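Note that the structure is predicted; figures quoted are calculated from it, not measured. Both backbone and side-chain heavy atoms feed into the values below; hydrogens, waters and symmetry mates do not.
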Amino acid sequence: MSGSSIELSSYRDQHFKGSRSEQERSLKESTTLYVGNMSFYTTEEQIHELFSRCGEVRRIIMGLDKYKKTPCGFCFVEYYTRADAETAMRYVNGTRLDDRLIRVDWDAGFVEGRQYGRGKTGGQVRDEYRTDYDAGRGGYGKLLSQKLEIVPKI
């Protein structure tokens, strides 16, 4: 697969079960993509509509808040072939979906449990620390939202 024209990014899943070289090999052979920076309101149907333009999608796994089981801004898209996944990497990464520029990256392969956010509050870690208001991702960051809720009203 070294003839691939799509390079691997520097991101690596810190929870990968295996050695660094096993992870590299899995990424180079993978047909699974990680899709990030999605709106919490983007549906599986919208994702399928966009990604199926690049090839036959095997399955989509929506990222969910660990506690609320609601979408939390990411998903995994699995193709049947590496070539279709490469096409999606080439043409979908950085495109606009639901008014957001989505990020597409290689994933070493979906494992049950990875569909849940890893943040302390159940969602994605990055959404806990955001200080800006982002309507597509639930408003203010979760930790800031919690602080705003406990401020006494005068």
Side-chain angles (χ1 to χ4, degrees), residues 1-130 134 136-139 141-143 145-146:
M1 293 284 166
S2 59
S4 170
S5 59
I6 304 294
E7 297 299 317
L8 299 179
S9 74
S10 60
Y11 173 78
R12 296 295 177 270
D13 177 10
Q14 300 304 309
H15 297 270
F16 181 81
K17 304 282 189 257
S19 70
R20 191 65 144 188
S21 62
E22 289 171 326
Q23 187 176 34
E24 294 292 317
R25 185 172 49 255
S26 294
L27 288 168
K28 289 176 181 171
E29 297 171 356
S30 180
T31 59
T32 304
L33 303 174
Y34 169 89
V35 183
N37 198 40
M38 292 177 12
S39 167
F40 288 3
Y41 308 103
T42 300
T43 64
E44 190 172 329
E45 290 77 18
Q46 288 172 287
I47 296 161
H48 190 273
E49 168 68 28
L50 177 62
F51 282 85
S52 65
R53 294 176 186 178
C54 298
E56 191 175 353
V57 173
R58 182 169 178 240
R59 67 181 175 157
I60 295 169
I61 300 105
M62 296 297 288
L64 301 173
D65 182 294
K66 191 176 359 188
Y67 305 115
K68 298 177 189 166
K69 306 297 187 256
T70 55
C72 68
F74 71 96
C75 74
F76 299 93
V77 176
E78 201 174 283
Y79 284 94
Y80 285 98
T81 68
R82 175 72 179 196
D84 290 347
E86 286 184 6
T87 300
M89 276 289 293
R90 187 176 292 114
Y91 296 111
V92 179
N93 187 32
T95 62
R96 194 170 294 278
L97 177 62
D98 244 5
D99 254 349
R100 302 189 66 80
L101 293 178
I102 58 170
R103 192 189 79 220
V104 180
D105 208 344
W106 290 111
D107 187 81
F110 176 77
V111 176
E112 186 59 37
R114 289 195 55 221
Q115 71 269 39
Y116 299 114
R118 295 177 178 168
K120 290 181 184 119
T121 60
Q124 288 189 276
V125 174
R126 75 180 206 117
D127 284 315
E128 294 185 341
Y129 299 99
R130 256 187 320 97
D134 188 336
R137 292 186 72 88
K142 293 218 176 161
L143 297 178
S145 293
Q146 289 172 350

Under 3.5 Å: donor-acceptor pair, side chain of E29, backbone of S26: no

May I ask you to check whether Q46 and T43 show a side-chain donor-acceptor distance below 3.5 Å? yes

So, do Y34 and R103 sit near enough that their side-chain heavy atoms are less than 4.5 Å apart? yes

Is it the case that the side chain of T95 and the backbone of Y91 share a donor-acceptor pair, with hydrogens and angles ignored and the cut-off at 3.5 Å? no

About how many Å separate CD1 of I102 and SG of C75, when rounded to the nearest 0.5 Å? 7.5 Å

As a quick check of understanding, evaluate side chain to side chain contact (heavy atoms under 4.5 Å, CB included) for M89 and L33, giving each step before the final call. CA-CA 8 Å; M89 276 289 293; L33 303 174; 3.6 Å; yes

Keeping R114 on the side-chain end and G63 on the backbone end, is there a donor-acceptor pair under 3.5 Å? no

Over all heavy atoms of both residues, which pair between Y80 and T31 is shortest? Give the atoms and the distance, please. O-CG2, 4.1 Å

Could you tell me whether R25 sits above the aromatic face of W106, with NZ or CZ closer than 6.0 angstrom to the six-membered ring centre and within 45 degrees of the axis? no

Atom pair CD1/CD1 of I60 and I47 - distance to nearest 0.5 Å: 5.5 Å

Looking only at heavy atoms, the pair that brings K66 and Y116 closest together is CA-CD2, 4.0 Å

Go through it in stages, so that I can follow the logic: the residues are V57 and Y79, the test is side chain to side chain contact (heavy atoms under 4.5 Å, CB included), and I'd like the CA-CA distance, side-chain angles, deciding distance and then a yes or no. CA-CA 5 Å; V57 173; Y79 284 94; 3.8 Å; yes

Taking atom types as modelled, is there a side-chain donor on R100 or N37 under 3.5 Å from an acceptor on the other? yes

Nearest 0.5 Å please: distance from the OG atom of S30 over to the CG atom of D107. 6.0 Å

Has the side chain of T32 got a donor or acceptor atom that lies under 3.5 Å from a matching backbone atom of E78? no

Does a donor on one side chain and an acceptor on the other come within less than 3.5 Å for T81 and D84? yes

Once you round to the nearest 0.5 Å, how far does CZ of F76 lie from CE of M62? 11.5 Å

Side-chain touch V104/F51, heavy atoms, less than 4.5 angstrom: yes

Heavy-atom closest contact (C54 atom, V92 atom, distance): SG-CG2, 3.7 Å

To the nearest 0.5 Å, what is the distance between OH (Y41) and CG (D98)? 10.5 Å

Tell me whether T42 contacts the main-chain N or O of M38 through its side chain, where contact means a donor paired with an acceptor under 3.5 Å. no

Sequence neighbours excluded, every pair satisfying salt bridge (charged side-chain N to carboxylate O under 4.0 Å, His left out) that has a member inside residues 45-54: E49-R53

With rounding to the nearest 0.5 Å, note down the distance linking NE2 in H48 to CZ in R59. 13.5 Å

